[in-house]
Amino acid sequence: MKLGLQGARFLVTAASSGLGCAIATELVREGCQIVISSRQKDRLDSAVSRILTQTGASSSAIHAITADVTNRDDIEHLVRGAKEVLGGLDGLVTNAGGPPTGRFEEITDEEWLSAFNLNLLSVVRLIRAALPVMQKQGAGKILNISSISVKQPIPNLILSNSIRTGTMAMLKTLAMEVAKDNIQVLNLAPGRIHTDRLQSLNNERAKREGRLLADIQAEEQQNIPIGRYGTPEEFAKLATFLLSPVNSFMTGQTILADGGVIRSL
Ligand SMILES: NC(=O)c1ccc[n+]([C@@H]2O[C@H](COP(=O)([O-])OP(=O)(O)OC[C@H]3O[C@@H](n4cnc5c(N)ncnc54)[C@H](OP(=O)(O)O)[C@@H]3O)[C@@H](O)[C@H]2O)c1
(Lines give C-alpha, C1' and ligand atoms only; values in the text may rest on other atoms or scores of the structure.)
Protein backbone atom coordinates (compact mmCIF):
# COMPACT_ATOMS: atom_id res chain seq x y z
CA MET A 1 0.00 0.00 0.00
CA LYS A 2 1.37 3.40 -0.97
CA LEU A 3 0.58 6.08 1.64
CA GLY A 4 0.52 8.95 -0.87
CA LEU A 5 2.34 11.36 1.44
CA GLN A 6 4.99 12.60 -1.02
CA GLY A 7 5.20 16.40 -0.73
CA ALA A 8 2.62 16.65 2.10
CA ARG A 9 3.31 19.45 4.60
CA PHE A 10 3.22 18.83 8.36
CA LEU A 11 3.94 20.62 11.61
CA VAL A 12 4.97 18.34 14.50
CA THR A 13 5.35 19.86 17.99
CA ALA A 14 7.47 18.52 20.88
CA ALA A 15 9.57 16.69 18.31
CA SER A 16 13.17 16.95 19.53
CA SER A 17 12.99 13.44 21.02
CA GLY A 18 10.70 10.52 21.75
CA LEU A 19 7.40 10.02 19.97
CA GLY A 20 7.32 13.43 18.25
CA CYS A 21 10.78 12.91 16.79
CA ALA A 22 9.91 9.39 15.63
CA ILE A 23 6.79 10.69 13.84
CA ALA A 24 8.81 13.47 12.20
CA THR A 25 11.39 10.91 11.01
CA GLU A 26 8.75 8.67 9.48
CA LEU A 27 7.02 11.59 7.73
CA VAL A 28 10.33 12.70 6.19
CA ARG A 29 10.99 9.10 5.12
CA GLU A 30 7.64 9.19 3.27
CA GLY A 31 8.72 12.31 1.35
CA CYS A 32 6.91 14.96 3.42
CA GLN A 33 8.06 18.54 4.04
CA ILE A 34 7.95 19.21 7.75
CA VAL A 35 8.51 21.75 10.51
CA ILE A 36 9.43 20.42 13.93
CA SER A 37 9.49 22.34 17.18
CA SER A 38 10.33 22.07 20.87
CA ARG A 39 11.64 24.40 23.60
CA GLN A 40 15.38 23.72 23.47
CA LYS A 41 17.16 24.87 20.31
CA ASP A 42 20.20 22.61 20.75
CA ARG A 43 18.02 19.49 21.15
CA LEU A 44 15.91 20.55 18.18
CA ASP A 45 18.96 21.11 15.95
CA SER A 46 20.33 17.69 16.92
CA ALA A 47 16.98 16.14 16.03
CA VAL A 48 17.11 17.74 12.57
CA SER A 49 20.62 16.33 11.96
CA ARG A 50 19.58 12.89 13.23
CA ILE A 51 16.48 12.79 11.02
CA LEU A 52 18.43 13.86 7.92
CA THR A 53 21.08 11.18 8.59
CA GLN A 54 18.52 8.46 9.22
CA THR A 55 16.35 9.25 6.19
CA GLY A 56 18.94 10.51 3.71
CA ALA A 57 16.54 13.36 2.87
CA SER A 58 17.77 16.75 1.64
CA SER A 59 17.97 19.57 4.20
CA SER A 60 15.00 21.34 2.57
CA ALA A 61 12.72 18.55 3.85
CA ILE A 62 12.85 19.69 7.46
CA HIS A 63 12.86 23.01 9.30
CA ALA A 64 13.06 23.74 13.01
CA ILE A 65 11.29 26.50 14.95
CA THR A 66 11.80 26.80 18.69
CA ALA A 67 8.53 27.04 20.63
CA ASP A 68 7.14 26.27 24.06
CA VAL A 69 3.58 25.02 23.56
CA THR A 70 2.51 26.49 26.90
CA ASN A 71 3.20 29.98 25.52
CA ARG A 72 0.50 31.60 23.36
CA ASP A 73 2.89 33.91 21.48
CA ASP A 74 5.25 31.02 20.72
CA ILE A 75 2.35 29.04 19.24
CA GLU A 76 1.23 31.89 17.00
CA HIS A 77 4.80 32.49 15.84
CA LEU A 78 5.29 28.76 15.24
CA VAL A 79 2.16 28.15 13.16
CA ARG A 80 2.70 31.35 11.14
CA GLY A 81 6.32 30.33 10.53
CA ALA A 82 5.38 26.79 9.52
CA LYS A 83 2.75 28.03 7.09
CA GLU A 84 5.23 30.43 5.50
CA VAL A 85 8.13 28.02 5.22
CA LEU A 86 5.98 25.14 3.95
CA GLY A 87 3.60 27.22 1.82
CA GLY A 88 0.56 25.66 3.55
CA LEU A 89 -0.28 22.95 6.04
CA ASP A 90 -1.75 19.53 5.25
CA GLY A 91 -1.46 18.22 8.79
CA LEU A 92 -0.71 19.08 12.38
CA VAL A 93 0.61 16.76 15.10
CA THR A 94 -0.09 18.23 18.54
CA ASN A 95 2.33 16.77 21.03
CA ALA A 96 3.77 18.06 24.33
CA GLY A 97 5.68 16.80 27.34
CA GLY A 98 3.79 14.86 29.99
CA PRO A 99 2.56 16.39 33.28
CA PRO A 100 4.24 15.52 36.60
CA THR A 101 3.30 12.43 38.56
CA GLY A 102 1.43 12.56 41.87
CA ARG A 103 -1.68 11.56 43.80
CA PHE A 104 -4.75 13.73 44.44
CA GLU A 105 -3.59 15.06 47.81
CA GLU A 106 -0.15 16.06 46.52
CA ILE A 107 -1.17 18.21 43.54
CA THR A 108 -1.38 21.99 43.95
CA ASP A 109 -3.62 24.46 42.09
CA GLU A 110 -0.55 25.66 40.17
CA GLU A 111 0.20 22.13 39.02
CA TRP A 112 -3.41 21.61 37.89
CA LEU A 113 -3.28 24.85 35.91
CA SER A 114 0.07 24.13 34.31
CA ALA A 115 -1.05 20.61 33.29
CA PHE A 116 -4.16 22.19 31.73
CA ASN A 117 -1.88 24.61 29.84
CA LEU A 118 0.48 21.86 28.71
CA ASN A 119 -1.93 19.14 27.64
CA LEU A 120 -5.22 20.87 26.81
CA LEU A 121 -4.89 24.59 26.13
CA SER A 122 -1.78 24.05 23.96
CA VAL A 123 -3.81 21.71 21.73
CA VAL A 124 -6.66 24.23 21.48
CA ARG A 125 -4.27 27.06 20.59
CA LEU A 126 -2.30 25.07 18.02
CA ILE A 127 -5.46 23.92 16.30
CA ARG A 128 -7.04 27.39 16.45
CA ALA A 129 -4.00 28.80 14.65
CA ALA A 130 -3.78 26.02 12.04
CA LEU A 131 -7.47 25.47 11.28
CA PRO A 132 -8.03 28.51 9.01
CA VAL A 133 -5.13 27.37 6.79
CA MET A 134 -6.62 23.91 6.42
CA GLN A 135 -10.13 25.26 5.89
CA LYS A 136 -8.86 27.52 3.12
CA GLN A 137 -7.08 24.56 1.51
CA GLY A 138 -10.23 22.44 1.80
CA ALA A 139 -8.56 19.56 3.68
CA GLY A 140 -6.40 18.69 6.66
CA LYS A 141 -5.48 16.14 9.30
CA ILE A 142 -5.03 16.82 13.01
CA LEU A 143 -3.47 14.15 15.20
CA ASN A 144 -3.07 14.62 18.95
CA ILE A 145 -0.63 12.51 20.98
CA SER A 146 -2.46 11.50 24.13
CA SER A 147 -2.12 8.56 26.54
CA ILE A 148 -3.87 5.33 27.44
CA SER A 149 -4.74 7.22 30.65
CA VAL A 150 -7.85 8.41 28.75
CA LYS A 151 -9.18 4.83 28.76
CA GLN A 152 -7.99 3.61 32.15
CA PRO A 153 -6.59 5.89 34.88
CA ILE A 154 -2.92 5.22 35.59
CA PRO A 155 -1.99 5.15 39.32
CA ASN A 156 -0.06 8.22 40.51
CA LEU A 157 -0.80 10.15 37.29
CA ILE A 158 -3.98 12.02 38.22
CA LEU A 159 -3.04 15.06 36.10
CA SER A 160 -2.62 13.04 32.90
CA ASN A 161 -5.73 10.96 33.68
CA SER A 162 -7.88 14.07 34.16
CA ILE A 163 -6.61 16.64 31.69
CA ARG A 164 -6.11 14.34 28.71
CA THR A 165 -9.69 13.08 29.03
CA GLY A 166 -10.85 16.69 28.62
CA THR A 167 -8.62 17.06 25.56
CA MET A 168 -10.12 13.88 24.10
CA ALA A 169 -13.65 15.26 24.57
CA MET A 170 -12.64 18.58 23.00
CA LEU A 171 -11.17 16.78 19.98
CA LYS A 172 -14.25 14.59 19.54
CA THR A 173 -16.47 17.69 19.58
CA LEU A 174 -14.18 19.51 17.15
CA ALA A 175 -14.12 16.50 14.81
CA MET A 176 -17.91 16.75 14.43
CA GLU A 177 -17.67 20.49 13.74
CA VAL A 178 -14.95 20.39 11.06
CA ALA A 179 -15.83 17.14 9.25
CA LYS A 180 -17.78 19.25 6.72
CA ASP A 181 -14.49 21.06 5.91
CA ASN A 182 -12.83 17.74 5.04
CA ILE A 183 -10.67 17.97 8.18
CA GLN A 184 -10.12 14.78 10.18
CA VAL A 185 -9.30 14.94 13.90
CA LEU A 186 -7.78 11.93 15.66
CA ASN A 187 -6.34 11.18 19.09
CA LEU A 188 -3.54 8.60 19.26
CA ALA A 189 -2.98 7.15 22.72
CA PRO A 190 0.38 5.53 23.47
CA GLY A 191 0.88 3.06 26.27
CA ARG A 192 4.35 2.03 27.36
CA ILE A 193 6.45 3.08 24.37
CA HIS A 194 10.17 3.04 25.16
CA THR A 195 11.21 6.73 25.33
CA ASP A 196 12.94 9.05 27.82
CA ARG A 197 9.56 9.80 29.42
CA LEU A 198 8.92 6.09 30.07
CA GLN A 199 12.43 5.73 31.46
CA SER A 200 12.02 8.66 33.86
CA LEU A 201 8.59 7.46 35.05
CA ASN A 202 10.08 4.04 35.76
CA ASN A 203 13.11 5.55 37.55
CA GLU A 204 10.77 7.61 39.72
CA ARG A 205 8.66 4.57 40.54
CA ALA A 206 11.72 2.47 41.41
CA LYS A 207 12.85 5.18 43.84
CA ARG A 208 9.36 5.65 45.34
CA GLU A 209 8.82 1.93 45.89
CA GLY A 210 12.44 1.17 46.85
CA ARG A 211 12.73 -1.44 44.09
CA LEU A 212 15.15 -2.23 41.28
CA LEU A 213 14.46 -0.56 37.94
CA ALA A 214 14.97 -3.91 36.18
CA ASP A 215 12.24 -5.52 38.34
CA ILE A 216 9.77 -2.74 37.52
CA GLN A 217 10.51 -3.03 33.81
CA ALA A 218 10.11 -6.82 33.85
CA GLU A 219 6.81 -6.60 35.77
CA GLU A 220 5.44 -3.93 33.44
CA GLN A 221 6.32 -5.86 30.30
CA GLN A 222 4.71 -9.02 31.70
CA ASN A 223 1.48 -7.03 32.02
CA ILE A 224 1.50 -6.12 28.31
CA PRO A 225 -0.19 -8.92 26.30
CA ILE A 226 2.33 -8.44 23.45
CA GLY A 227 5.02 -9.00 26.13
CA ARG A 228 7.27 -5.98 25.59
CA TYR A 229 7.41 -2.20 25.41
CA GLY A 230 6.53 -0.61 22.09
CA THR A 231 9.19 1.18 20.05
CA PRO A 232 8.89 4.83 18.96
CA GLU A 233 9.34 3.61 15.36
CA GLU A 234 6.30 1.32 15.39
CA PHE A 235 4.24 4.02 17.09
CA ALA A 236 5.35 6.49 14.40
CA LYS A 237 4.36 4.15 11.57
CA LEU A 238 0.82 3.99 12.94
CA ALA A 239 0.74 7.80 13.27
CA THR A 240 1.98 8.17 9.70
CA PHE A 241 -0.76 5.89 8.40
CA LEU A 242 -3.37 7.95 10.31
CA LEU A 243 -1.96 11.17 8.78
CA SER A 244 -1.94 9.78 5.24
CA PRO A 245 -4.58 10.13 2.52
CA VAL A 246 -5.09 6.34 2.78
CA ASN A 247 -6.86 7.05 6.08
CA SER A 248 -9.80 8.90 4.57
CA PHE A 249 -12.89 7.84 6.56
CA MET A 250 -11.89 7.92 10.23
CA THR A 251 -12.47 10.94 12.43
CA GLY A 252 -13.19 11.73 16.09
CA GLN A 253 -11.60 8.48 17.25
CA THR A 254 -9.10 7.68 19.98
CA ILE A 255 -6.78 4.92 18.78
CA LEU A 256 -4.71 2.93 21.30
CA ALA A 257 -1.12 1.92 20.56
CA ASP A 258 -0.57 -0.14 23.70
CA GLY A 259 0.32 -3.77 22.94
CA GLY A 260 -3.09 -4.74 24.37
CA VAL A 261 -2.50 -3.36 27.87
CA ILE A 262 -5.97 -1.79 28.13
CA ARG A 263 -8.35 -4.69 28.72
CA SER A 264 -11.71 -2.94 28.20
CA LEU A 265 -13.83 -3.49 25.08
N1 LIG B 1 6.12 7.05 25.92
C2 LIG B 1 4.97 6.56 26.35
O3 LIG B 1 4.78 5.35 26.54
C4 LIG B 1 3.83 7.50 26.65
C5 LIG B 1 2.68 6.97 27.24
C6 LIG B 1 1.61 7.80 27.51
C7 LIG B 1 1.69 9.14 27.17
N8 LIG B 1 2.82 9.64 26.61
C9 LIG B 1 2.83 11.07 26.31
O10 LIG B 1 3.21 11.31 24.97
C11 LIG B 1 3.93 12.57 24.89
C12 LIG B 1 5.29 12.33 24.26
O13 LIG B 1 5.95 11.38 25.06
P14 LIG B 1 7.48 10.94 24.90
O15 LIG B 1 7.55 9.62 25.55
O16 LIG B 1 7.92 11.11 23.50
O17 LIG B 1 8.18 12.04 25.85
P18 LIG B 1 9.70 12.54 25.86
O19 LIG B 1 10.60 11.46 25.38
O20 LIG B 1 9.87 13.04 27.26
O21 LIG B 1 9.73 13.77 24.83
C22 LIG B 1 9.06 14.92 25.12
C23 LIG B 1 9.28 15.97 24.00
O24 LIG B 1 8.46 17.08 24.32
C25 LIG B 1 9.21 18.29 24.24
N26 LIG B 1 8.56 19.21 25.15
C27 LIG B 1 8.35 19.04 26.48
N28 LIG B 1 7.67 20.08 26.98
C29 LIG B 1 7.44 20.93 25.94
C30 LIG B 1 6.79 22.19 25.82
N31 LIG B 1 6.25 22.82 26.88
N32 LIG B 1 6.75 22.78 24.60
C33 LIG B 1 7.30 22.19 23.53
N34 LIG B 1 7.92 21.00 23.57
C35 LIG B 1 7.99 20.38 24.78
C36 LIG B 1 10.65 17.88 24.59
O37 LIG B 1 11.64 18.71 23.99
P38 LIG B 1 12.27 20.04 24.67
O39 LIG B 1 12.80 19.62 26.00
O40 LIG B 1 13.30 20.48 23.68
O41 LIG B 1 11.14 21.02 24.75
C42 LIG B 1 10.70 16.50 23.90
O43 LIG B 1 11.01 16.66 22.53
C44 LIG B 1 4.03 13.09 26.33
O45 LIG B 1 2.95 13.97 26.58
C46 LIG B 1 3.86 11.82 27.16
O47 LIG B 1 3.38 12.07 28.45
C48 LIG B 1 3.88 8.86 26.34
Side-chain angles (χ1 to χ4, degrees), residues 11-26 35-48 50-51 64-75 77-79 82 93-102 113-123 125-126 143-165 167-168 187-205 217 220-221 223-224 226 228-236 238-239 254-259 261-262:
L11 166 60
V12 186
T13 63
S16 64
S17 65
L19 304 181
C21 186
I23 294 171
T25 308
E26 210 50 45
V35 168
I36 62 170
S37 85
S38 81
R39 294 164 303 179
Q40 304 183 65
K41 187 173 177 341
D42 52 337
R43 278 168 50 83
L44 202 52
D45 290 344
S46 312
V48 170
R50 241 178 9 252
I51 293 171
I65 300 177
T66 311
D68 181 337
V69 294
T70 62
N71 182 300
R72 187 176 55 189
D73 292 344
D74 277 16
I75 287 182
H77 175 256
L78 169 65
V79 176
V93 179
T94 55
N95 185 32
T101 55
L113 290 170
S114 69
F116 171 80
N117 254 327
L118 181 64
N119 295 119
L120 202 158
L121 192 55
S122 69
V123 185
R125 285 173 168 163
L126 282 161
L143 181 69
N144 180 56
I145 307 307
S146 175
S147 167
I148 50 166
S149 66
V150 300
K151 292 291 177 187
Q152 184 176 299
I154 302 172
N156 207 44
L157 263 174
I158 194 165
L159 290 174
S160 175
N161 301 340
S162 309
I163 304 290
R164 291 189 200 273
T165 322
T167 310
M168 176 172 71
N187 193 39
L188 179 55
R192 298 289 170 250
I193 314 290
H194 209 198
T195 64
D196 294 347
R197 163 86 175 166
L198 180 81
Q199 197 65 29
S200 79
L201 288 175
N202 283 345
N203 280 329
E204 223 182 284
R205 187 173 156 206
Q217 287 176 330
E220 276 203 332
Q221 292 185 86
N223 190 39
I224 301 172
I226 283 187
R228 60 172 175 82
Y229 290 136
T231 67
E233 293 71 28
E234 60 194 343
F235 179 82
L238 176 56
T254 290
I255 300 105
L256 304 185
D258 71 341
V261 84
I262 297 296

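Both ligands and their constituent atoms are indexed starting at 1 by order of listing.
Of all the listed residues (Ala67, Ser147, Gly191, Cys21), Ala67 holds the heavy atom that lies closest to atom 33 (C) of ligand 1. Counting only non-hydrogen atoms, the option in Gly97, Ser122, Ser38 that gets closest to atom 38 (P) of ligand 1 is Ser38. Within the set Leu19, Leu188, Val69, Asp74, the minimum heavy-atom distance to atom 32 (N) of ligand 1 is found for Val69. In this comparison of Gln40, Arg192, Arg164, the heavy atom closest to atom 47 (O) of ligand 1 sits on Arg164.
In this structure, Ala47 has no heavy atom closer than 4.0 Å to ligand 1.
Looking at Asn95 against ligand 1, only its side chain comes within 4.0 Å, counting heavy atoms. Contact annotation for Ala96 and ligand 1: only backbone heavy atoms (N, CA, C, O) come within less than 4.0 Å of the ligand. For Leu118, every heavy-atom contact with ligand 1 shorter than 4.0 Å involves the side chain, none the backbone. Looking at Ser37 against ligand 1, nothing comes within 4.0 Å, counting heavy atoms.
Looking at atom 29 (C) of ligand 1, its nearest protein heavy atom turns out to be Arg39 NE, 3.4 Å. At the top of the distance list for atom 25 (C) of ligand 1, counting protein heavy atoms only, stands Ala14 CB, 3.6 Å.
By the 3.5 Å distance cut-off applied to N or O atoms, Ile193 is counted among the residues near ligand 1. In terms of N/O distances under 3.5 Å, ligand 1 is not approached by Thr70.
None of Glu220, Gln221, Arg192 except one satisfies the side chain to side chain donor-acceptor pair (under 3.5 Å) rule with Tyr229; the exception is Glu220.
Between the side chains of Asp68 and Thr70, at least one donor N or O sits under 3.5 Å from an acceptor N or O.
The number of heavy atoms from other shown groups lying within 6.0 Å of CZ (Arg72) does not exceed 12.
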